[in-house]
Number of protein chains: 2
Amino acid sequence: MTDTAICPKFEAALNILNKRWTGLIIFQLLEGAQRFSTIESAIGISGRVLSERLKDLEKHGIVKRSVYDETPVRIEYELTEKGIALQPVLENIQTWAESWMESKPLV
Amino acid sequence: MTDTAICPKFEAALNILNKRWTGLIIFQLLEGAQRFSTIESAIGISGRVLSERLKDLEKHGIVKRSVYDETPVRIEYELTEKGIALQPVLENIQTWAESWMESKPLV
DNA sequence: TATACTTAGTTACATAAAGTAAGTTAATAA
DNA sequence: TTATTAACTTACTTTATGTAACTAAGTATA
């Protein structure tokens with residue numbers, strides 16, 4: 001992407017949030033810590049991409065990964081404070097969607 | 001995408017907003033009606049994709065396209081009421097970005 | 001008249017991202 | 001010894017995006 005006159009923090013934020021699946025993953029994790037496979041089936045993302053996104057979100061400090069040494073191993077993902085701070089964004093989208101989106105797709 | 005238990009309107013909204021460039025295009029249009037080439041250079045998107053996105057946003061009633069029969073022809077894109085209603089979403093992202101994003105990318 | 005200029009695209013082709021399905025690892029249960 | 005489970009990863013296919021050249025309509029200029 002080339003330079004823009006837009007605030008770099010805002011643009012960086014959009015570069016994370018605008019990625020496919022990111023919104024749904026965060027929304028899903030607002031319900032609390034969850035395992036990989038739970039997220040996977042809850043939002044219908046492929047394992048390959050979920051793995052990629054979670055690493056990305058972890059790198060950005062939005063998601064925290066915890067390993068519990070059980071059998072089989074339990075790994076849980078949860079939002080950090082930074083991630084939880086996105087709740088108002090998601091809520092706003094939801095409010096907008098309820099006011100303005102059609103129930104049935106236009107197609 | 002497979003079915004989820006998530007509110008379909010919310011999911012449909014995310015399917016629009018989560019697309020690359022959509023957020024920046026809407027943000028840019030919050031400043032008022034603008035021409036194709038203005039948006040293109042303002043946010044650094046390729047013409048090919050901008051054309052695609054604007055058609056999409058128009059189809060969803062978020063953007064309105066107006067043709068002014070001047071020379072050369074002037075075509076302007078602006079947000080509809082539905083599109084303007086997204087302003088709080090973008091503002092929330094901006095607020096979040098200011099609080100939580102690093103100035104420099106983490107690499 | 002012929003050539004050039006402008007905006008708003010479109011087209012053809014190359015590269016990057018996402019989807020699919022099978023395979024891997026580690027611990028344990030049958 | 002074989003099977004099971006969760007959490008990935010790998011190889012491969014399909015889709016999305018980037019790049020650069022091209023088109024169309026309406027003048028303006030040589």
Side-chain angles (χ1 to χ4, degrees), chain A residues 1-4 11-12 14-29 32-60 63-79 105 107, chain B residues 1-4 11-12 14-29 32-60 63-79 105 107:
Chain A
M1 197 185 309
T2 53
D3 283 349
T4 75
E11 199 173 347
L14 275 186
N15 277 340
I16 300 169
L17 301 177
N18 246 348
K19 272 194 174 167
R20 203 162 179 173
W21 299 111
T22 305
L24 276 179
I25 292 170
I26 292 169
F27 180 78
Q28 184 65 26
L29 288 179
Q34 282 168 66
R35 316 182 130 206
F36 189 92
S37 58
T38 306
I39 305 170
E40 193 177 8
S41 55
I43 68 178
I45 190 178
S46 73
R48 205 191 64 69
V49 176
L50 179 55
S51 168
E52 207 170 284
R53 284 292 178 282
L54 287 171
K55 277 181 193 164
D56 238 55
L57 290 170
E58 206 189 338
K59 199 179 69 185
H60 284 103
V63 161
K64 181 179 181 301
R65 179 181 188 269
S66 305
V67 181
Y68 300 95
D69 198 3
E70 301 172 0
T71 290
V73 66
R74 179 165 58 99
I75 293 173
E76 286 193 344
Y77 295 91
E78 65 188 313
L79 294 177
V107 179
Chain B
M1 195 186 309
T2 53
D3 283 350
T4 76
E11 199 174 349
L14 275 187
N15 277 340
I16 300 170
L17 301 177
N18 246 348
K19 272 195 175 168
R20 202 162 181 175
W21 299 112
T22 306
L24 275 179
I25 293 170
I26 293 168
F27 180 77
Q28 183 66 25
L29 288 179
Q34 283 168 66
R35 316 183 131 206
F36 190 93
S37 57
T38 307
I39 304 170
E40 194 177 7
S41 54
I43 67 177
I45 191 178
S46 72
R48 205 191 65 68
V49 175
L50 179 56
S51 169
E52 208 170 283
R53 285 292 179 282
L54 288 172
K55 277 182 193 162
D56 239 55
L57 291 170
E58 207 189 339
K59 198 180 69 186
H60 285 103
V63 161
K64 182 180 180 300
R65 179 182 189 269
S66 304
V67 180
Y68 300 94
D69 198 3
E70 302 171 0
T71 290
V73 67
R74 177 165 58 100
I75 294 173
E76 286 194 344
Y77 294 91
E78 64 188 314
L79 295 177
V107 178

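We name chains A, B, ... by the order of the sequence lines, and we start the count at 1 in each one.
- Under the rule for a side-chain hydrogen bond (donor to acceptor under 3.5 Å, both in side chains), the partners of A:Gln28 that lie at least two apart in sequence or sit in another chain are A:Gln34.
- Overall, the helix from C:dT1-D:dA30 to C:dA30-D:dT1 carries an axis bend of 30° between its ends, with five pairs at each end and the value rounded to 10°.
- In terms of heavy atoms, B:Asn18 sits closest to A:Leu24 at ND2-N, 4.4 Å.
- The backbone N or O of A:Arg20 sits less than 3.5 Å from a side-chain atom of A:Arg53, completing a donor-acceptor pair.
- Here the closest non-hydrogen pair linking B:Tyr77 and B:Val63 is CD2-CG1, 3.9 Å.
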- Message: The test is side chain to side chain contact (heavy atoms under 4.5 Å, CB included); show your working for A:Ile16 and A:Asp56 and say whether it passes.
- Response: CA-CA 9 Å; A:Ile16 300 169; A:Asp56 238 55; 5.9 Å; no

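- Side-chain nitrogen and oxygen atoms of A:Thr71 include none within less than 4.0 Å of the OP1 or OP2 phosphate oxygen of C:dA27.
- Scanning both residues, A:Tyr68 and A:Val73, for their nearest heavy atoms gives O-CG2, 3.5 Å.
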Under-3.5 Å N/O pairs linking protein and nucleotides 15-17 of chain C:
none

Just the atom pairs and distances: protein N or O near nucleotides 7-9 of chain C's N or O, under 3.5 Å.
unit_1	atom_1	unit_2	atom_2	d
C:dA8	OP1	B:Ile75	N	3.1
C:dA8	OP1	B:Ile75	O	3.1
C:dA8	OP2	B:Ser37	OG	3.3
C:dG9	OP1	B:Arg65	NH2	2.8
C:dG9	OP2	B:Tyr77	OH	2.2

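- The nearest heavy atom of DNA chain C to A:Asp69 and to A:Lys19 marks one nucleotide each, and the one closer to the 5' end goes with A:Lys19.
- Side-chain atoms of B:Leu54 and B:Phe36, non-hydrogen and from C-beta on, do get closer than 4.5 Å to each other.
- For DNA chain D, the outermost nucleotides in 5' to 3' order that have an atom under 4.0 Å from a heavy atom of chain B are D:dT17 to D:dT27.
- Residues satisfying the salt bridge (Lys or Arg N to Asp or Glu O under 4.0 Å) criterion with B:Glu76, sequence neighbours excluded, are B:Arg74.
- B:Asn15 places its CG atom 14 Å from the P atom of C:dA18, with the value rounded to the nearest Å.
- Distance CG/B:Leu17 to CG/A:Leu17: 10.5 Å, rounded to 0.5 Å.
- Partners of B:Arg48 by side-chain contact (heavy atoms from CB on, under 4.5 Å), not counting sequence neighbours, listed by chain and number: B:Ser46, B:Glu52.
- Among pairs with a residue in residues 36-45 of chain B, none fulfils salt bridge (charged side-chain N to carboxylate O under 4.0 Å, His left out), at least two apart in sequence or across chains.
- Every residue two or more places apart in sequence or in another chain that forms a side-chain contact (heavy atoms from CB on, under 4.5 Å) with B:Glu78 is listed here: B:Ala33, B:Lys64, B:Ser66.
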Review point. Side chain to side chain contact (heavy atoms under 4.5 Å, CB included) between A:Val67 and A:Arg65: does it pass, once the steps are laid out?
Key: CA-CA 7 Å; A:Val67 181; A:Arg65 179 181 188 269; 3.6 Å; yes

